[in-house]
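Below is one structure, written out as structure tokens, with a few remarks after it.
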Amino acid sequence: MLFLEFARVCERLEGTPGRLDMIGVTAEVLPGLDDEELPIFVRFIMGRVFPDWSTKKLGVGPNLLYDAVAYVAGTKRKVVREAINATGDVGLAVEDLLAKKEQTSFFIQELELAGVYRELERMAATGGQRSQREKLRVAQGLFGNARPLEGRYLARLMLEELRIGMGEGNVRDAIAQAFEIDVDLVEHAHQAMNDLGEVALLARRDPDALSRVTIEPFRPVKMMLAQAGTIAAQIEEHGEVAVEYKYDGSRFQFHKVGDVCRIYSRRLEDVTESLPDIVALLREATDHDVILDGEAVAVRDGRPMPFQYVIRRFRRKHEVDAMMEKIELVPRVFDILYLDGETLMDRPFSERRKLLEGALRDHVTGQFLAADVAAAEAVYDAALDLGHEGVMVKVLDAPYTPGVRGRLWVKVKPGVETLDLAVIGAEWGEGRRAGTFGSFLLAVQDQGRFLPVGKVATGINDETLAELYALFKEKVIARSGKEVTVEPEVVFEVGYSELQTSPNYASGYALRFPRFVRVREDKSVDEVESLDSLTERYIQQRNGQGSL
């Protein structure tokens, strides 16, 4: 497949408003791709270059992209930036610049889909002091051979923001439709493989194998997620439930085969070198080959410390020993996904818990079974007294569903309602906030698109404001007056008093009295609140139920 053909498919999808029509367009294309192209196409159409489990990172920021386009177009970075500011869209601006360049170009080498992937893979593999120069050279080569339409989607792909609305759900359904397979089989395989590209390839080669896909050690899967809820509602619906403390820590996934151990963050990043103490504790606690789900908690004098202390350890790459002396971390393990060659995802939670207790000699989180509200609330009160966030209420017959946020796990904690939202823009501050960003534009996600839901400016002190400016200043894609557009890479936890319908934001909703709580450095933008979940919260609020 030529990359130009891929670009034309993207353009068609971008102009297709209906979800079912978008799925149909994609399903038409998939069977015609060869075995090398199929997984690449599937990832690219979602705006991703590599599988979610992969540790490869493209490492292309806006400035490198601008420099590459400026070189090819025979202009300066300033001109590229001004074009992007005028359109508000990197892809459209690059397309326009390449159209002007094309008038004076006499030869280009046709870009192939697989060839573009190999070049992007080369960029990701480039490290060391000269890495940015080499990445720039590769980007220049790609844009130098790109037609204007190809440039639109190549630029967006490099920033991993394709903007065509093909999220995981749509692509999953397209694979099922293309190869005439039950969508549940595709979903099951995706949960274990964590790569829809490989799932599509397997769906064509051996559809029956989709039901036999298993988790593999050292290939992390997404973590099962929880919704806010109440103890009473869970017990009313499910009877006896498991109640566990909800820690203010950071999720991890621990993989062990023989003496080889790796540990992954919630974002599926390999953080083994940053957490050698956690790795050592868990290695010593089991003689089995395992994949464990747990939480790292910072402690001092036996009491839990806030999340900020935990994340300092997760992102530490140098002087780890010194940081270990300052911040003690302990593991709290609450689930097991794999044991001695067997995948356990489909086993009921109660069975997985017994297997966990048999496989791990220490560090298993406490669990309380409760069939009445008073007993469960007593555990909740005890959790708060011990300094924890609240409790998790888990359904005993629940399977482990990677990446799914549902009511099989419910989190119960006091305080204001909060949402995890993607930051997609900011506005320059005034007065005391002059020279920094004073407010931030927040968004929910809907099938790969980010839809604004409001701005947040309160709850941010001067120190945090400076940290946020340092975090975002290199992520700015476009500027328009006082407003900037940023790469959607950062997640804010935001409190609010009420959800309101609003014609002013593309999501259809607005947050009343939003307040910044913290940066969720442990979460990726794939985990932010979905539009469907936000709508459910609004319905519950309107019916007087709330979501806690």
| Is the closest basic N to carboxylate O distance between E161 and R449 below 4.0 Å? | no
| field | Residues D287 and R361 bridged, charged N to O under 4.0 Å | value | yes
| field | Closest approach of Y380 to V391 (non-hydrogen atoms, all atoms of both residues) | value | CA-CG1, 3.6 Å
| query | Has R518 got its NZ or CZ under 6.0 Å from the middle of the six-membered ring of F307, at an angle within 45 degrees of the ring axis? | reply | yes
| query | Charged N to carboxylate O under 4.0 angstrom, K411 versus E389? | reply | no
| Distance (rounded to the nearest 0.5 Å) between L419 CG and S533 OG | 8.0 Å
| request: Rounded to the nearest 0.5 Å, what's the gap from CG on L196 to CZ on F41? Could you check? | output: 13.0 Å
| message | Show, in sequence, the C-alpha distance, side-chain angles and deciding distance for D259 and R283, and conclude whether the salt bridge (charged side-chain N to carboxylate O under 4.0 Å, His left out) test is met. | response | CA-CA 8 Å; D259 291 330; R283 178 191 284 119; 5.6 Å; no
| said: Just verifying a value: how many Å separate E467 CD and I460 CD1, rounded to the nearest 0.5 Å? | reply: 11.0 Å
| query | Is any side-chain N of the basic residue among K523 and E493 closer than 4.0 Å to the acidic one's carboxylate O? | reply | no
| query | Does a side chain donor of either T365 or Y247 reach within less than 3.5 Å of an acceptor in the other side chain? | reply | yes
| task | Hey, could you give me the CG/CD1 distance between L360 and I336, rounded to the nearest 0.5 Å? | result | 7.5 Å
| task | Is it possible for you to check whether R205 lies under 6.0 Å from the centre of the six-membered ring of F179, through NZ or CZ, and within 45° of that ring's axis? | result | no
| Hey, is K475 close enough to E487 for a salt bridge, meaning N to O under 4.0 Å? | no
| task | Take R347 and E342 through the test salt bridge (charged side-chain N to carboxylate O under 4.0 Å, His left out) and record every step on the way to the result. | result | CA-CA 11 Å; R347 297 276 198 101; E342 183 182 357; 2.7 Å; yes
| With a 4.5 Å heavy-atom cut-off, do Y538 and E498 have their side chains touching? | no
| query | Can you check side chain to side chain contact (heavy atoms under 4.5 Å, CB included) on D335 and F349, steps first, answer last? | reply | CA-CA 8 Å; D335 217 325; F349 175 56; 3.9 Å; yes
| message | I'd like to know if the side chain of D340 and the backbone of V290 have a donor-acceptor N/O pair within less than 3.5 Å. | response | no
| message | Could you check whether E160 pairs with R43 (Lys NZ or Arg NE/NH1/NH2 to Asp/Glu carboxylate O, under 4.0 Å)? | response | no
| query | Does any N or O in the side chain of Q445 come within less than 3.5 Å of the main-chain N or O of L531, such that one atom is a donor and the other an acceptor? | reply | no
| M224 to L408 - nearest heavy-atom pair and separation | CE-CB, 3.9 Å
| message | Would you say D293 and Y400 are linked by a side-chain donor-acceptor pair, where the criterion is simply a distance under 3.5 Å? | response | yes
| field | Residues D522, R520; criterion salt bridge (charged side-chain N to carboxylate O under 4.0 Å, His left out); working and verdict | value | CA-CA 5 Å; D522 59 327; R520 289 305 304 252; 2.8 Å; yes
| Distance, nearest 0.5 Å, that separates CZ of F516 from OG1 of T458 | 10.5 Å
| Going by atom types only, do D346 and H188 share a side-chain donor-acceptor pair under 3.5 Å? | yes
| message | For R267 and E527: C-alpha separation, side-chain torsions, deciding distance, then whether salt bridge (charged side-chain N to carboxylate O under 4.0 Å, His left out) applies. | response | CA-CA 9 Å; R267 298 173 65 137; E527 293 185 69; over 6 Å; no
| Are any of the side-chain heavy atoms of F440 and L468 separated by less than 4.5 Å? | yes
| Who pairs with E240 by side-chain hydrogen bond (donor to acceptor under 3.5 Å, both in side chains), at least two apart in sequence or on another chain? | none
| query | Does any non-hydrogen side-chain atom of V456 lie less than 4.5 Å from one of V423? | reply | no
| request: For the residue pair F50 and Y117, categorise the inter-ring angle as parallel (less than 30°), tilted (30 to 60°) or perpendicular (more than 60°). | output: perpendicular
Under 3.5 Å, which donor-acceptor pairs do the side chains of residues 165-177 form with other protein atoms, sequence neighbours left out?
unit_1 : atom_1 : unit_2 : atom_2 : d
E168   : OE1    : K222   : NZ     : 3.2
E168   : OE2    : R48    : NH1    : 2.9
E168   : OE2    : K222   : NZ     : 2.4
N170   : OD1    : R19    : NE     : 2.7
N170   : ND2    : G165   : O      : 3.1
R172   : NH1    : E187   : OE1    : 3.4
D173   : OD2    : R19    : NH2    : 2.6

| message | Taking R212 first and then D206, would you say they form a salt bridge - that is, a charged N and a carboxylate O separated by under 4.0 Å? | response | yes
| request: Could you check L356 against L339 for side chain to side chain contact (heavy atoms under 4.5 Å, CB included), going step by step and ending with a plain yes or no? | output: CA-CA 9 Å; L356 173 62; L339 178 62; over 6 Å; no
| Donor on one side chain, acceptor on other, Y338 and T214, under 3.5 Å | no
| query | Hey, is E295 close enough to R251 for a salt bridge, meaning N to O under 4.0 Å? | reply | no
| Side-chain touch V491/L421, heavy atoms, less than 4.5 angstrom | no
| remark: On a heavy-atom basis, the closest approach of V279 and T272 is CG2-CG2, 4.0 Å
| message | L292 vs Q253, test: side chain to side chain contact (heavy atoms under 4.5 Å, CB included). Steps then yes/no. | response | CA-CA 6 Å; L292 307 174; Q253 199 172 103; over 6 Å; no
| message | Strictly distance-based, threshold 3.5 Å: is any side-chain N or O of D301 a donor or acceptor partner for the main-chain N or O of R303? | response | no
| Parallel, tilted or perpendicular for F492 and F472, by the 30°/60° rule? | perpendicular
| query | So, for A189 and L210, which heavy atoms are closest and what is the spacing to 0.1 Å? | reply | CB-CD2, 3.6 Å
| request: Walk me through it: do L386 and Y245 pass the test side chain to side chain contact (heavy atoms under 4.5 Å, CB included)? | output: CA-CA 10 Å; L386 290 169; Y245 295 155; 3.6 Å; yes
| Got a sec, which pairs hit ring-ring contact (aromatic ring centres under 6.0 Å, His included) with one end in residues 263-303, sequence neighbours left out? | H255-Y264
| message | Measuring from atom OG1 of T343 to atom CG of L337, what distance do you get when rounded to the nearest 0.5 angstrom? | response | 8.5 Å
| query | Can you find a heavy atom in the side chain of L442 that is under 4.5 Å from one in the side chain of I424? | reply | no
| For V330 and E328, which heavy atoms make the closest approach, and how far apart are they? | CG1-OE2, 4.0 Å
| When you check the gap from the basic side-chain N to the acidic O, do R537 and E529 get nearer than 4.0 Å? | yes
| field | Flag, side chain of R163 to backbone of R156, donor-acceptor distance under 3.5 Å | value | no
| request: Measure the shortest side-chain to side-chain distance between M345 and P402 over non-hydrogen atoms and say whether it is less than 4.5 angstrom. | output: yes
| Is E244 paired with K246 through a side-chain N to carboxylate O contact shorter than 4.0 Å? | no
| message | Can you give me the closest heavy-atom contact between P514 and K455, atom names plus distance? | response | CG-O, 3.1 Å
| field | Face-on cation placement of K394 at F334 ring, 6.0 Å and 45° thresholds | value | yes
